[in-house]
S.K.: 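Below is a structure I'd like to ask you about.
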Amino acid sequence: MSEYSPKEIESYWQNIWLKNKSFEPKPINTSSPKKYILEMFPYPSGNIHMGHVRNYTIGDVVARYRKSQGDNVLHPMGWDAFGMPAENAAMEKNVHPKEWTYKNIAAMRNQLKSLGLSIDWKREFATCDPSYFKHQQKLFLDLFQNKTAYRKESLVNWDPVDKTVLANEQVIDGKGWRSGATVERKTLTQWFLKISEDADRLLNEIPKLKGWPERVKVMQENWIGRSDGIAFEFECLDSKGEKTSPIKVFTTRPDTLFGAAFCGISIDHPIALSLCKKDIEAKSFVEKCQKNGSTAEAIDKAEKEGFLTGYKIKHPFKKGVLLDVFIANFVLSDYGTGAIFGCPAHDQRDFEFAKKYKLPIIPVVCPEGENPKDLKIKNEAFTGNGKIINSDFLNNLSIPEAKKKSSNLLVLNNSGIHKTNFRLRDWGISRQRYWGCPIPIVHCKECGPVSVPEKDLPIELPDDVTFDKPGNPLEQHPSWRYVKCPKCKNNAERETDTLDTFVDSSWYFARFCELDTKSPTNKEAVDYWLPVDQYIGGIEHAILHLLYSRFFSNALRDLGHLNISEPFEGMFTQGMVCHETYKTESGVWVEPSLVIKKQDDFFHIETEELIIKGAPEKMSKSKKNVIDPDIIIKKYGADTARWFVLSDSPPDRDIFWSEDGVEAAGKFIKKIWKTILGLDSLSKKEEILVNKKSQNLKQNNHKILAGFTKDLDGLSFNKAIARLYGFVGKASKLRTEDRINTEILNETLRFLLLMLGPITPHLAEEGWKKTQKKKSLLCEEPWPKYDKNLIKESEILLPVQVNGKKRAEIKIAVGLGGDDVKILVLELPEIKNITQDKKIKKIIVVPGRIINIVF
RNA sequence: GCGGGUGUGGCGGAACCGGUAGACGCGCCAGAUUCAAAAUCUGGUUCAGGCAACUGAGUGGGAGUUCAAGUCUCCCCACCCGCACCA
């Protein structure tokens, strides 16, 4: 075959690799170093999209390259298969979630295989396989036993029509995204994992994550949000002036206590709750606050408001001073103690509150260089550094000194305790849904929540369910739901909540190490393979998935399933795949394939309407700017698609899909194929003599290979591909009359094929078979070695500057010393012209770099 | 508001430690081939001026350090992303 035909060769090689077990790793006792390469597993929506193509191509290049470098590579694939879309499909299309999911998996598996990925498919599993979630249930029971998993009441977004709990992002303008019903705040008993207990470790280990992008680490740090402060008590008087139980507050700024103007408590603080029972106004204020949404915008817009309770607190340092206690809408109930003291001069929220209620604004920190007497807090609170003023015994201290001194006093006199608070809350894992991993707990009136005995695992989902009624079908399935208590054998009920799908994806990477039937992980296998050396996925999982996985690894270590706490040694976040967007004048999105360009304007192919070209945006169905990978693979082949998503842009940046770009990639793939055949036929000419051109070619071979290797090591695929363009360009120009030495030609061809291997594996493999005498597979070949001595030049072209401006070039021998170079340079006609009668101050010679003449 | 990132030709992007700015690709222009087109091949392409050799300007803007700055320092500007009443 001389015509390049991806359709035939791609599926041919995919089958050969599979038959040959090329991508199954060697046994774990091998002497070669291990490399675990993993891309985030996909949700089986039914079709792969370009984001997957990019993600999995990047991973595949790394995996294939590492393998050729002699590493024992694990590169598995699976399915994040539980979750809402399957239930939505069940409701909309009347198809069972299980059937829908497995059908999608089958389709997507084929699509992924058509990309020619070096996956060990033997390890494939879906999180909805009972053989997977059986072990997850066991893990849950372990976590329940060691009290990492627990139940508590919590406020949830409740959709009264769909009878389900909604995630925050499913609440749009206070209404359920599907039903449109007004969402209620409801208290439900939910399962939680104590991730907050691990907060310090999760934070402290971030700097150790050397192979992670800086921004992901910063995002996690912010998310965990540690703050160190002090919790202490205010003595409290009720509206009759009688002493009641003290109010406990948390602050990071005890140094500003002398600026305190009020005390704020949250709407569900015990004092607020008891007040609501007696006071209608208090009650209506609290209700008003509750109605206000919890979305970011609602919070942003909400004015700071409070309700004067009549309670007063005693200032701990100022004898006889009493401050009002307000129920305040901006005090969070689930952070700190749900109560604060307000210092308007040095906290923006307190400042706004004080303005509204005309409370005193006393500055207690004076910025450096300002006169305390002139100091006025006008439009915003001052949160910067300075010296303490207006604060009695704290005066003239620095902020840290004042913090220390006031804290010590609070510890002595006001039950103060040094405390660290985290923004990170415990992880709510209950979902009132059918298509998720059942929680293996039975609720018994006598015994409480009881673990299902291990021998009864897995608790599978019942198949005979319908989705015509709102709510969780598990609740409406009596034979599944009503069981005997494993402990006392009395009537009891199964837990009908299922697990958040983030639980499924928090340990799948450990399961891939070995699909052990007896236990969640195989100790020997995880000890060998983990941590994942290179994890690759989208930035959208920068916080939750990665944080949960880090937490889970540590929890699993405590349970003896692993011996690492950090699961991902290297993390890489690839950019999105974007495409131009088109809209009609009335704002309706239009598919790019329906748009035609005439001169400088765009028109609809069918309706001939004027079309407005919008900014390139992430491919999404709603914007109708998706390109189906299937179509691209059918038209150009997988190698072209792989080439395109790797070329042009660095992998961590967004790429812009363009028809011209793919077209060009397709053309170049064909050119590579022709070049392979050309080199092959040239190399049959038996040239023994080594001429200048041969030598140049040999040097080029080794130079390109050295650069290409460096690029792959640094994940700079766009640069690697740019090198290949040059390499192939040069190789394609070689002619019989050049009389290139056969051995060197063979080397050119061999280097080319091996470099192509990770990027366009089918093309490379086909070329290998056709041109190399060895019967081996290219994907089993070791990476070629370049000769460092060959890369060194004997002569180099150096730029010559005059006063920092390039004026000439000079070719000199590499080892030539400074003074010799100076003499040569001054003889150059271009330089003579300029320097003529001028006095030269000095000549700078940077060996191998540049020459600069200064006058 | 806080935090992070980015800014280089018409476009995507190269440029190691400060040392020839614009590699490579797209697009565009010219030529070869062809009856013609497609495909392919060859060459050109930062901008301005010039027939040309050449000259001047140029990495978001401004200052600075240096023989030399896209790269280092300071101050601005624009855009993107994340978080956001966390006391």
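Chain letters run A, B, ... following the sequence lines, proteins first and then strands; every chain starts at 1.
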S.K.: Distance criterion of 3.5 Å, no angle test: do you see the side chain of Arg425(A) paired donor-to-acceptor with the base of C86(B)?
M.R.: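 Counting by modelled atom types and ignoring angles, a donor-acceptor contact under 3.5 Å is found here.
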S.K.: Distance check, P atoms only: G60(B) and G1(B), in whole angstrom units.
M.R.: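 Comparing P positions in G60(B) and G1(B) gives a spacing of 24 Å.
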S.K.: Whole Å only: how far is the CG atom of Leu797(A) from the P atom of G19(B)?
M.R.: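 Checked: the CG to P distance equals 17 Å.
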S.K.: Round to a whole Å and report the spacing from CD1 of Ile539(A) to C1' of C81(B).
M.R.: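 From Ile539(A) CD1 to C81(B) C1': 8 Å.
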S.K.: Taking the ring of Phe727(A) and the ring of Phe708(A), is the distance between their centroids below 6.0 Å?
M.R.: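 Not close enough - the centres of the two rings lie 6.0 Å or further apart.
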S.K.: Give a yes/no on whether any side-chain N or O of Lys670(A) is located under 4.0 angstrom from OP1 or OP2 of A39(B).
M.R.: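 No, no such contact exists.
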S.K.: Would you classify Lys733(A) as touching base, sugar-phosphate or nothing, given that sugar-phosphate means primed atoms plus P, OP1 and OP2, and contacts are heavy atoms under 4.0 Å?
M.R.: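 Sugar-phosphate, no base atom in range.
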S.K.: State whether the distance check finds a donor on one side and an acceptor on the other, under 3.5 Å, for side chain Asn852(A) versus base C67(B).
M.R.: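 Flag set: donor-acceptor pair detected.
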S.K.: Counting neighbours of NZ on Lys618(A) that are heavy atoms of other residues, nucleotides or ligands and sit closer than 6.0 Å, is the number greater than 12?
M.R.: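 No, the 6.0 Å shell around NZ holds no more than 12 heavy atoms from other groups.
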S.K.: Specify the glycosidic conformation (syn or anti) of G9(B), with syn defined as within 90° of 0.
M.R.: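 You should classify G9(B) as syn.
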S.K.: In whole Å, what is the span from the CD atom of Glu663(A) to the P atom of A38(B)?
M.R.: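 Interatomic distance, CD of Glu663(A) to P of A38(B): 13 Å.
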S.K.: Between Ile206(A) (CD1) and G82(B) (P), how many Å, whole number?
M.R.: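 These atoms are roughly 18 Å apart.
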S.K.: Partner lookup for A87(B), please. Criteria are Watson-Crick or G-U wobble with both distances under 3.5 angstrom; report none if nothing qualifies.
M.R.: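 Matched A87(B) with nothing under the 3.5 Å cut-off.
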S.K.: Would you say a side-chain N or O of Arg215(A) is under 4.0 Å from OP1 or OP2 of C80(B)?
M.R.: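 It does not, given that no N or O in the side chain of Arg215(A) lies less than 4.0 Å from OP1 or OP2 of C80(B).
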S.K.: Side chain of Ala722(A): nearest nucleotide among A14(B), C67(B), A23(B)?
M.R.: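 For Ala722(A), the side-chain atoms sit closest to A23(B).
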S.K.: Taking the chi torsion of C11(B), is it syn (within 90° of 0) or anti (everything else)?
M.R.: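 Anti, angle beyond 90° from zero.
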S.K.: Given A14(B), G19(B), G12(B), which nucleotide is nearest the side-chain atoms of Pro650(A)?
M.R.: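 So the nucleotide nearest the side chain must be A14(B).
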S.K.: Is there a side-chain contact between Lys805(A) and the phosphate of A21(B), meaning an N or O under 4.0 Å from OP1 or OP2?
M.R.: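 Result: no.
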S.K.: Could you tell me whether Val800(A) contacts a base, only the sugar-phosphate backbone, or nothing, with contacts defined as non-hydrogen atoms closer than 4.0 Å?
M.R.: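 Nothing: the residue Val800(A), judged by heavy atoms under 4.0 Å, touches no strand.
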S.K.: Nearest to the Arg423(A) side chain among U20(B), G25(B), C83(B), which nucleotide is it?
M.R.: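 Of all the options, the side chain of Arg423(A) is nearest to C83(B).
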S.K.: If we call it a pair only when both distances are under 3.5 Å in a Watson-Crick or G-U wobble match, what pairs with G12(B)?
M.R.: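 With both distances under 3.5 Å, G12(B) matches C24(B).
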S.K.: What is the pairing partner of A30(B), taking Watson-Crick or G-U wobble pairs with both distances under 3.5 Å in any strand?
M.R.: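 Here A30(B) is engaged in a pair, and the nucleotide opposite it is U42(B).
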S.K.: Should Asn222(A) be listed as having a side-chain N or O under 4.0 Å from OP1 or OP2 of G4(B)?
M.R.: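 The answer is no; no side-chain N or O of Asn222(A) sits under 4.0 Å from OP1 or OP2.
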S.K.: Sort out the partner of C79(B) for me: Watson-Crick or G-U wobble, both distances under 3.5 Å, none otherwise.
M.R.: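 With both distances under 3.5 Å, C79(B) matches G5(B).
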S.K.: Would you mind pulling out the nucleotide paired to A36(B), Watson-Crick or G-U wobble, both distances under 3.5 Å?
M.R.: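 None - no nucleotide pairs with A36(B), as no candidate has both distances under 3.5 Å.
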S.K.: What closest approach, in Å, do Gly259(A) and Val364(A) show between heavy atoms, and which atom pair accounts for it?
M.R.: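 Smallest heavy-atom distance, with atoms named: N-CG1, 3.5 Å.
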S.K.: Mind checking who A63(B) pairs with, Watson-Crick or G-U wobble, both distances under 3.5 Å?
M.R.: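 Across any shown strand, A63(B) pairs with U73(B).
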S.K.: Partner lookup for C47(B), please. Criteria are Watson-Crick or G-U wobble with both distances under 3.5 angstrom; report none if nothing qualifies.
M.R.: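 By the stated definition (distances under 3.5 Å), G56(B) pairs with C47(B).
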S.K.: Check the phosphate of A87(B) against Ser227(A), side-chain N and O only, distance under 4.0 Å to OP1 or OP2. Yes or no?
M.R.: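 Indeed, a polar side-chain atom of Ser227(A) lies that close.
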S.K.: Is there a side chain to side chain contact (heavy atoms under 4.5 Å, CB included) between Ile267(A) and Asn329(A) once you walk through the steps?
M.R.: CA-CA 7 Å; Ile267(A) 56 170; Asn329(A) 64 349; 5.6 Å; no
S.K.: Suppose you measure atom C1' in A52(B) against the same atom in A69(B); what distance do you get, rounded to whole Å?
M.R.: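 Here A52(B) and A69(B) have their C1' atoms 33 Å from each other.
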S.K.: Pro799(A) has a side chain; which of G13(B), A87(B), U20(B) sits nearest to it?
M.R.: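 Selected nucleotide: U20(B).
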S.K.: Side-chain N or O of Lys667(A) less than 4.0 angstrom from OP1 or OP2 on G25(B)?
M.R.: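 No.
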S.K.: Going by modelled atom types, is there a donor-acceptor pair between the base of A87(B) and the side chain of Arg349(A) at under 3.5 Å?
M.R.: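 Indeed there is one.
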S.K.: Is there a donor and acceptor pair closer than 3.5 Å between the side chain of Lys841(A) and the base of C67(B)?
M.R.: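 Donor-acceptor pair under 3.5 Å: no.
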S.K.: Does A87(B) have OP1 or OP2 under 4.0 Å away from a side-chain N or O of Tyr335(A)?
M.R.: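 Yes.
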S.K.: Would you please say whether a donor-acceptor pair under 3.5 Å links the side chains of Ser227(A) and Asn421(A)?
M.R.: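 Looking only at side-chain atoms, Asn421(A) and Ser227(A) do not form any donor-acceptor pair under 3.5 Å.
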S.K.: Which part of the nucleic acid, if any, lies within reach of Arg723(A) when heavy atoms closer than 4.0 Å are counted: base, sugar-phosphate only, or nothing?
M.R.: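 If one applies the 4.0 Å heavy-atom cut-off, Arg723(A) turns out to touch nothing in the nucleic acid.
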S.K.: NA contact type, Val854(A), heavy-atom cut-off 4.0 Å: base, sugar-phosphate, or nothing?
M.R.: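 Touches sugar-phosphate only.
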S.K.: Expressed as a whole number of angstroms, how long is the span from Asp648(A):CG to G27(B):C1'?
M.R.: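 Roughly 12 Å, once rounded to whole Å.
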S.K.: Return the nucleotide paired to A68(B): Watson-Crick means purine N1 to pyrimidine N3 with N6-O4 or O6-N4, wobble means G-U with N1-O2 and O6-N3, both under 3.5 Å.
M.R.: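 Base-paired to nothing in any strand shown.
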S.K.: Looking for any heavy atom pair under 4.0 Å, which part of the strands does Lys671(A) touch: base, sugar-phosphate only, or nothing?
M.R.: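 If one applies the 4.0 Å heavy-atom cut-off, Lys671(A) turns out to touch the sugar-phosphate alone, with no base involved.
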S.K.: Roughly, in whole Å, what's the span from NZ in Lys618(A) to C1' in C81(B)?
M.R.: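 Distance check: Lys618(A) NZ to C81(B) C1' gives 13 Å.
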S.K.: Would you classify Asn718(A) as touching base, sugar-phosphate or nothing, given that sugar-phosphate means primed atoms plus P, OP1 and OP2, and contacts are heavy atoms under 4.0 Å?
M.R.: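 Answer is sugar-phosphate: Asn718(A) comes under 4.0 Å of backbone atoms only.
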